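See below for the structure under consideration.
Just so we're on the same page: letters track the sequence lines, and every chain starts at 1. Just so it is clear, the model here is predicted, and its values are computed rather than measured.
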Number of protein chains: 2
Amino acid sequence: MNRRSAKDSKSSILDAALKAFSEHGYSGANMRTIAGNANISVGGLYLYFKSKEALCLSLMKERLEELSSKTERIVKDTYNPAEAIEKFISINLDYTKEHREIILTQGRDKGFTFGADVKKRFFRQQRKFVEKIIREGVRTGVFLECNVPETAKIVTAMLRGFVLSVLLEPDGLFNVRGCCEFVLRGLLKNV
Amino acid sequence: MNRRSAKDSKSSILDAALKAFSEHGYSGANMRTIAGNANISVGGLYLYFKSKEALCLSLMKERLEELSSKTERIVKDTYNPAEAIEKFISINLDYTKEHREIILTQGRDKGFTFGADVKKRFFRQQRKFVEKIIREGVRTGVFLECNVPETAKIVTAMLRGFVLSVLLEPDGLFNVRGCCEFVLRGLLKNV
DNA sequence: GGTTCACATGAACAGACGTTCAGCTAAAGA
DNA sequence: TCTTTAGCTGAACGTCTGTTCATGTGAACC
């Protein structure tokens with residue numbers, strides 16, 4: 001066989017695409033550059049992804065599903081609600097630091113409609129996690145009584161802001177611990 | 001003279017550009033379409049803005065300075081810190097609703113570097129406002145003792161998340177009042 | 001050797017892009 | 001009437017884009 005396995009080539013392309021899309025946005029990213037950075041020809045790239053759009057969607061789906069399942073796994077076996085919230089926030093921020101390109105999901109390129117269903121599913125999923133944690137917190141009397149869906153929406157919105165800040169600030173300048181404490185102060189009964 | 005005054009044409013162009021950039025991002029926006037929507041020719045557009053980049057920067061600057069001065073004006077003559085925070089948040093969210101294009105400032109198009117100085121100046125300004133409010137709150141004993149710059153950073157990050165959520169959710173679904181309360185619970189001594 | 005197969009190439013195409021420029025139009029002043 | 005002037009036009013240019021396709025290469029099997 002030739003140089004690389006199909007699998008290796010595909011993953012090379014995905015890596016390069018990730019970099020390109022996160023640095024230049026959808027329209028700004030360039031198929032020739034992506035191919036070049038993946039050490040493959042343009043034609044070769046098109047063997048694995050039938051279009052730019054398909055490549056970008058595949059990327060987004062992969063990343064969001066990975067983060068979603070990671071979150072679910074860790075949050076599931078944490079029974080203390082306060083701890084669960086903390087974990088929820090730090091998993092998301094850690095993942096953001098590791099994969100800065102996750103910002104793709106927030107982007108507005110090609111209008112908000114691009115990949116809208118994938119993004120929507122992800123955000124709904126995230127909100128459901130938070131709702132579950134808060135409901136448990138309220139039930140066990142650790143958290144304040146509140147409108148659970150509304151509060152979950154606020155907490156996920158805050159998280160979204162933290163994620164953006166982590167992406168925009170030079171590394172380390174953003175304090176994850178402080179964020180968790182601040183959020184918890186809004187939830188806990190006895191601080 | 002011909003059809004319109006230079007002033008009218010320029011403002012028509014800015015309106016069309018705003019729409020284009022916020023809907024399609026920097027690379028996705030199209031000078032021909034912008035000109036068309038502004039009822040002017042491509043050549044005409046270039047009489048007023050020497051390049052796409054200049055047009056976008058001029059737009060961003062205008063919007064951010066408007067919001068910044070609006071914030072300053074209203075926050076300045078509010079002496080109750082809790083009220084000031086509430087106003088700070090709602091001014092920002094109202095402005096976001098009115099000018100959805102503000103999302104330009106959150107974007108990553110053309111790399112993070114595009115318009116970086118304008119954005120940075122704005123965000124620093126915003127953080128300074130928040131710091132001032134918090135410092136006053138701590139001084140008068142209404143707010144909890146805290147690391148002021150760190151806390152201000154967290155609050156502005158949260159605001160950023162709220163702004164994004166307002167932009168992403170269909171109108172009205174996002175509860176401003178609830179956000180303010182949540183943030184204040186993290187700041188106030190006696191809730 | 002020949003054939004098959006998976007993997008790969010890059011020139012070429014068609015269209016879109018930002019930008020320029022020689023020239024137009026009609027109102028205002030002489 | 002002629003000239004000036006502010007405002008405007010849109011074809012044309014060069015470049016870059018996503019995408020296609022006829023072709024190449026070398027390992028594996030017969």
Side-chain angles (χ1 to χ4, degrees), chain A residues 1-61 101 104 107-111 113-115, chain B residues 1-60 104 107-111 113-115:
Chain A
M1 298 222 192
N2 241 342
R3 297 261 269 266
R4 290 183 294 191
S5 70
K7 214 178 159 188
D8 285 350
S9 294
K10 194 167 180 177
S11 101
S12 265
I13 293 170
L14 282 170
D15 285 348
L18 210 49
K19 193 165 179 291
F21 284 126
S22 57
E23 275 180 7
H24 305 107
Y26 181 83
S27 318
N30 180 317
M31 296 299 266
R32 257 168 268 259
T33 310
I34 293 174
N37 287 341
N39 281 105
I40 205 173
S41 64
V42 216
L45 194 164
Y46 276 87
L47 282 178
Y48 297 98
F49 299 94
K50 77 176 210 299
S51 69
K52 190 184 188 181
E53 186 164 328
L55 174 56
C56 186
L57 277 177
S58 153
L59 212 58
M60 227 162 76
K61 224 174 154 181
E101 341 72 34
L104 268 176
R108 88 231 148 272
D109 221 338
K110 263 223 153 195
T113 51
F114 183 70
Chain B
M1 299 225 192
N2 243 340
R3 298 264 270 266
R4 293 184 291 191
S5 71
K7 213 178 158 187
D8 285 351
S9 293
K10 193 167 180 176
S11 102
S12 264
I13 293 170
L14 282 170
D15 285 349
L18 210 48
K19 193 166 178 294
F21 284 124
S22 58
E23 274 179 8
H24 305 107
Y26 180 83
S27 318
N30 178 317
M31 295 299 265
R32 260 169 267 259
T33 310
I34 292 174
N37 287 340
N39 281 105
I40 205 172
S41 63
V42 216
L45 195 165
Y46 275 87
L47 283 177
Y48 296 98
F49 298 94
K50 77 176 210 299
S51 70
K52 190 184 189 182
E53 187 164 328
L55 174 56
C56 186
L57 278 178
S58 152
L59 215 56
M60 229 162 74
L104 271 176
R108 89 225 146 275
D109 220 340
K110 264 223 154 195
T113 51
F114 183 70

Worksheet item: Just by protein heavy atoms under 4.0 Å, how would nucleotides 16-21 of chain C read 5' to 3' in B, S and -?
Response: -BBBBB

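- Remark: side-chain polar atoms of B/Tyr46 are not paired, donor with acceptor, to backbone N or O of B/Ser41 under 3.5 angstrom.
- When rounded to the nearest whole Å, the span between CD1 of B/Ile40 and P of D/dA6 equals 16 Å.
- For the pair B/Ser5 and D/dG7, the criterion of a side-chain N or O lying under 4.0 Å from OP1 or OP2 is not met.
- For the OP1/OP2 pair of C/dC7 and a distance below 4.0 Å, the side-chain nitrogens and oxygens of A/Arg4 include no atom meeting the criterion.
- The shortest distance between side-chain heavy atoms of A/Ser5 and A/Lys10 does not fall below 4.5 Å.
- Atom OH of A/Tyr48 and atom P of C/dA6 are 12 Å apart (whole Å).
- Regarding B/Leu47, its CG atom lies at a distance of 17 Å from the P atom of D/dT5, rounded to whole Å.
- With a 4.5 Å cut-off on side-chain heavy atoms, A/Asn37 and A/Asp15 do not count as touching.
- Distance, B/Leu45 CG to D/dT9 P: 11 Å, rounded to whole Å.
- From B/Asp8, atom CG reaches atom CD1 of B/Ile40 across 10.5 Å, with rounding to the nearest 0.5 Å.
- Counting heavy atoms from C-beta on, the side chains of B/Phe21 and B/Met60 never come closer than 4.5 Å.
- At least one side-chain heavy atom of B/Ser58 sits under 4.5 Å from a side-chain heavy atom of B/Leu14.
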